[in-house]
*Asks:* 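Can you read through this structure? Questions will come right after.
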Amino acid sequence: FGLGHLSLADCAALGPRTLFSVSQLSNLRTSFIPRYQYPPLIMPLAPITVALDWTPNTNHSGFYVALSQGLYEAAGLAVSLRTPAEAGSAGLSPNAHKSEGLSASKQVAEGSATFGVCVQESVISYATTAKWQHVPLVAVAALCQGNMTTISVLGSSGLTRPKDLEGRKYASFGARWEDAVVRGLVTADGGDGDKLACPPLLRKNDDQPTTGSLVTGSVISTHLSKGLADAAWIFPHWEGVFAARAGQPLTHFHFEDYGVPHGYKPLLIASKITAESAEARAFLKATAEGYKIAANDPAAAANALCSSGHPSLSDEAFVLASASSIRDSYLDPTGKWGRIDTKRWGAFVDFMDQAGMLVDRDGKEIGRENVKDEELFTNAALPE
């Protein structure tokens, strides 16, 4: 007979000489052991901090889409996006002007951010600066396919091409090779780049110049419209769209149109240790999905950005116009996001070398052979 239905009292009543089979004894033993139900194991989300290069804009749409649609959380990641001003307010850079904060590349180098948004020149700069060579930075993805920036002037200025900037003023952010690249553009168009003045940007509501990487507000309104400069380096799909909607169209000088192969702007970077880690793979896979959604649905991208609550994103129609303007730049012809092309990367470094820009901070020649492209970027952590 079976024992699974008997109580302890029933079994005791059978007497000490009752014979049981092995299977019956097993039934008896397990019938009276309470079964404890363990709660499901919940793994904590891995924290990821992304240092942005500026206020939230459509260069960053994929991050905000992935965040708002739960793609990061589904990948086991707790992602936070930090602007330069927020880094400054958090005390990460006590010597920086509060509106400028700490550059994304430096946050990654110092370990206060997991990933950072910057430009190709920043990666090369860290690799060729002795102080930072012990913490090499690696580009792990191109946010957009190519260079999303232009040198721009007011449409009303009468300036129609880079060589017209001879004897004019360019509003400089003060980055390491910035002025040399802009002068190189003027020279490439047949002008004399040495005759272009590059005064530093002024802080908003401040008469003191700054060489920081961020100025509050658009450089179009703070410098070009006020006659403080004739040209500025901008993102035309953001500042250009904004200016056009405000009735102030700009003329854009695209680097490639004048023989300057200007690599990638913007890029996503990480430390060499993080660049090909499981954490990087999970983050980049979710981010790639975010950018694919932004490419296919600009309204979703604009909504994700505006939902962040940043005060610079109050004009939803403008954000949507920008999202529509940039959507075709997120993915490569095969529909993939993030891929960095070896030839495109190398062509810009070659241009820097040929133009005599590859010098260290003391003016000493670096040598093209000492800038090893294969060590400065990787596609290994990107999804197939």
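What you see is a predicted model; the values in this text were computed from it and never measured. Because only heavy atoms are used, hydrogens play no part in the values below, and waters and symmetry mates are left out as well, while side chains stay in.
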*Asks:* E86 side chain to T83 main-chain N or O, any donor-acceptor pair under 3.5 Å?
*Replies:* yes

*Asks:* Salt bridge check: are R183 and E178 linked by an N-O gap of less than 4.0 Å?
*Replies:* no

*Asks:* Just checking, any donor-acceptor pair under 3.5 angstrom between side chains of T274 and E279?
*Replies:*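 No, E279 and T274 have no side-chain donor paired with an acceptor closer than 3.5 Å.
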
*Asks:* Have H310 and S308 got a donor and an acceptor in their side chains that come within less than 3.5 Å?
*Replies:*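 The criterion, which ignores hydrogens and geometry beyond distance, is not satisfied for S308 and H310.
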
*Asks:* Output, in order, the C-alpha distance, side-chain angles, deciding distance and verdict of side chain to side chain donor-acceptor pair (under 3.5 Å) for T287 and Y72.
*Replies:* CA-CA 8 Å; T287 302; Y72 290 134; 2.8 Å; yes

*Asks:* Would you call F377 and V140 a side-chain contact if the rule is heavy atoms closer than 4.5 Å?
*Replies:*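 No, every pair of side-chain atoms sits at 4.5 Å or beyond.
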
*Asks:* Is it true that a side-chain atom of W337 and a backbone atom of L143 form a donor plus acceptor pair closer than 3.5 Å?
*Replies:*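 A pair under 3.5 Å: yes.
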
*Asks:* Could you check if a side-chain atom of F115 sits within less than 4.5 angstrom of a side-chain atom of V108, using non-hydrogen atoms only?
*Replies:* no

*Asks:* I'd like to know if the side chain of R281 and the backbone of A380 have a donor-acceptor N/O pair within less than 3.5 Å.
*Replies:*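 Checked: pair present.
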
*Asks:* What's the shortest heavy-atom distance between H134 and K131, and which atoms?
*Replies:* CE1-O, 3.0 Å

*Asks:* I want to know whether H252 and W233 have ring centres closer than 6.0 Å.
*Replies:* no

*Asks:* State, with a plain yes or no, whether a side-chain heavy atom of R82 is found less than 4.5 Å away from one of V50.
*Replies:* no

*Asks:* Roughly how far, to the nearest 0.5 Å, is CZ of F253 from OG of S152?
*Replies:* 8.0 Å

*Asks:* Using the rule that two of Ile, Leu, Val, Met, Phe, Trp, Tyr join whenever any of their side-chain heavy atoms come within less than 4.5 Å, decide whether L320 and Y64 are in one cluster.
*Replies:*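 No; tracing contacts between hydrophobic side chains, which count when under 4.5 Å, never links both residues.
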
*Asks:* Is there a side-chain contact between W238 and M148 (heavy atoms, below 4.5 Å)?
*Replies:* no

*Asks:* Determine whether T378 and E276 satisfy the following criterion, side chain to side chain donor-acceptor pair (under 3.5 Å), listing intermediate values before the conclusion.
*Replies:* CA-CA 8 Å; T378 178; E276 297 182 13; 3.0 Å; yes

*Asks:* Keeping E239 on the side-chain end and F235 on the backbone end, is there a donor-acceptor pair under 3.5 Å?
*Replies:* yes

*Asks:* Looking at every heavy atom in both A321 and V241, which two are closest together, and how far apart are they?
*Replies:*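 Smallest heavy-atom distance, with atoms named: CB-CG1, 4.0 Å.
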
*Asks:* For the CG atom of L154 and the CG atom of L224, what is their distance to the nearest 0.5 Å?
*Replies:* 4.5 Å

*Asks:* May I ask you to say whether D353 pairs ionically with R368, meaning some side-chain N is under 4.0 Å from a carboxylate O?
*Replies:*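 Answer for the salt bridge query: no.
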
*Asks:* Would you check, one step at a time, whether the test side chain to side chain contact (heavy atoms under 4.5 Å, CB included) holds for D53 with H60?
*Replies:* CA-CA 10 Å; D53 54 336; H60 313 137; 2.8 Å; yes

*Asks:* Is there a side-chain contact between N379 and K336 (heavy atoms, below 4.5 Å)?
*Replies:* no

*Asks:* Could you check R176 against T129 for side chain to side chain donor-acceptor pair (under 3.5 Å), going step by step and ending with a plain yes or no?
*Replies:* CA-CA 11 Å; R176 179 173 173 182; T129 301; 3.0 Å; yes

*Asks:* Atom CG of L267 and atom SG of C118: how far apart are they, to the nearest 0.5 Å?
*Replies:* 6.0 Å

*Asks:* Which atoms form the tightest heavy-atom contact between A280 and A381, and what is the distance?
*Replies:*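 What the structure gives for the nearest pair is CB-CB, 4.2 Å.
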
*Asks:* For Y264 and Q145, does a side-chain donor sit closer than 3.5 Å to a side-chain acceptor?
*Replies:* no

*Asks:* So does T58 get a backbone contact from the side chain of S61, meaning a donor-acceptor N/O pair under 3.5 Å?
*Replies:*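 Confirmed, S61 side chain pairs with T58 backbone.
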
*Asks:* Would you mind reporting whether I220 and F242 have side-chain heavy atoms less than 4.5 Å apart?
*Replies:* no

*Asks:* For P298 and A323, which heavy atoms make the closest approach, and how far apart are they?
*Replies:* O-CB, 3.6 Å

*Asks:* Quick check on ring pair (Phe, Tyr, Trp, His ring centres under 6.0 Å): which of F351, F255, W345 does H262 satisfy it with?
*Replies:*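 It is F255; the other options fail the test.
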
*Asks:* Rounded to the nearest 0.5 Å, how far does CZ of R168 lie from OG of S157?
*Replies:*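 Rounded to the nearest 0.5 Å, the OG-CZ separation comes to 7.0 Å.
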
*Asks:* Return yes if some donor-acceptor pair links the side-chain N/O of T187 with the main-chain N/O of G193 below 3.5 Å, else return no.
*Replies:* yes

*Asks:* Is it the case that the side chain of T222 and the backbone of S218 share a donor-acceptor pair, with hydrogens and angles ignored and the cut-off at 3.5 Å?
*Replies:* yes

*Asks:* Consider only side-chain heavy atoms of I, L, V, M, F, W and Y, link residues closer than 4.5 Å, and tell whether V138 and V349 are in one cluster.
*Replies:*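 Different hydrophobic clusters.
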
*Asks:* Is it the case that more than 12 heavy atoms not belonging to K265 sit under 6.0 Å from its NZ atom?
*Replies:* yes

*Asks:* Please test V186 against I151 for side chain to side chain contact (heavy atoms under 4.5 Å, CB included), starting from the C-alpha separation and ending with a verdict.
*Replies:* CA-CA 10 Å; V186 174; I151 301 303; over 6 Å; no

*Asks:* Any chance you could measure E166, atom CD, to D189, atom CG, to the nearest 0.5 Å?
*Replies:* 10.0 Å

*Asks:* Would you mind telling me which of N59, T149, N57, T150 makes a side-chain hydrogen bond (donor to acceptor under 3.5 Å, both in side chains) with H237?
*Replies:*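 One option only clears the test, and that one is N59.
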
*Asks:* Are any side-chain N or O atoms of S329 and backbone N or O atoms of C144, one a donor and one an acceptor, separated by less than 3.5 Å?
*Replies:*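 Checked: no pair found.
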
*Asks:* Of the non-hydrogen atoms in A141 and L284, which two are nearest, and what is the gap between them?
*Replies:* CB-CD2, 4.2 Å

*Asks:* More than 12 non-hydrogen atoms from neighbouring residues, nucleotides or ligands closer than 6.0 Å to CD1 on I273, yes or no?
*Replies:* no

*Asks:* Is the shortest distance from a Lys or Arg side-chain nitrogen in D297 or K292 to a carboxylate oxygen in the other one below 4.0 Å?
*Replies:* no

*Asks:* Quick one: pull up CD1 in I366 and OG1 in T128 and give me the separation to the nearest 0.5 Å.
*Replies:* 4.0 Å

*Asks:* With heavy-atom distances below 4.5 Å as the criterion, would you say the side chains of V181 and D179 are in contact?
*Replies:*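 They are not in contact (no side-chain heavy atoms under 4.5 Å apart), so the answer is no.
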
*Asks:* Could you please spell out the steps behind the salt bridge (charged side-chain N to carboxylate O under 4.0 Å, His left out) verdict for E375 and K272?
*Replies:* CA-CA 9 Å; E375 296 180 3; K272 190 171 184 178; 5.4 Å; no

*Asks:* Do any N or O atoms from the side chain of Q107 and from the backbone of S112 form a donor-acceptor pair under 3.5 angstrom?
*Replies:* no

*Asks:* Aromatic rings Y330 and Y291: how do their planes relate, parallel, tilted or perpendicular, breaks at 30° and 60°?
*Replies:*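 Ring orientation of Y330 relative to Y291: perpendicular.
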
*Asks:* Would V65 end up clustered with I48 when hydrophobic side chains under 4.5 Å apart are linked, directly or stepwise?
*Replies:*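 Shared cluster, no.
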
*Asks:* Using the ring of Y258 (Phe, Tyr or Trp, six-membered ring only), decide whether R161 places NZ or CZ under 6.0 Å from its centre and within 45 degrees of its axis.
*Replies:* no

*Asks:* Looking at every heavy atom in both S312 and T55, which two are closest together, and how far apart are they?
*Replies:*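 Answer, listing the atom of S312 first, then T55: OG-CB, 4.0 Å.
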
*Asks:* Given the rule that I, L, V, M, F, W and Y join up when any side-chain heavy atoms are under 4.5 Å apart, are F63 and I293 in one cluster?
*Replies:* no

*Asks:* Going hydrophobic residue to hydrophobic residue with side-chain gaps under 4.5 angstrom, can you get from V119 over to M357?
*Replies:* no

*Asks:* Contact between I234 and L250 at the side-chain level, heavy atoms closer than 4.5 Å - yes or no?
*Replies:*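 Side chain of I234 against side chain of L250, heavy atoms only: contact under 4.5 Å found.
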
*Asks:* So, S322 and R245: side-chain donor and acceptor under 3.5 Å apart, yes or no?
*Replies:*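 No donor-acceptor contact under 3.5 Å links the two side chains.
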
*Asks:* Might you work through the side chain to side chain donor-acceptor pair (under 3.5 Å) test for N147 and H254, ending with a clear yes or no?
*Replies:* CA-CA 9 Å; N147 171 32; H254 295 268; over 6 Å; no

*Asks:* Can you confirm whether E256 is buried at CD, in the sense that more than 12 heavy atoms of other residues, nucleotides or ligands lie under 6.0 Å from that atom?
*Replies:* yes

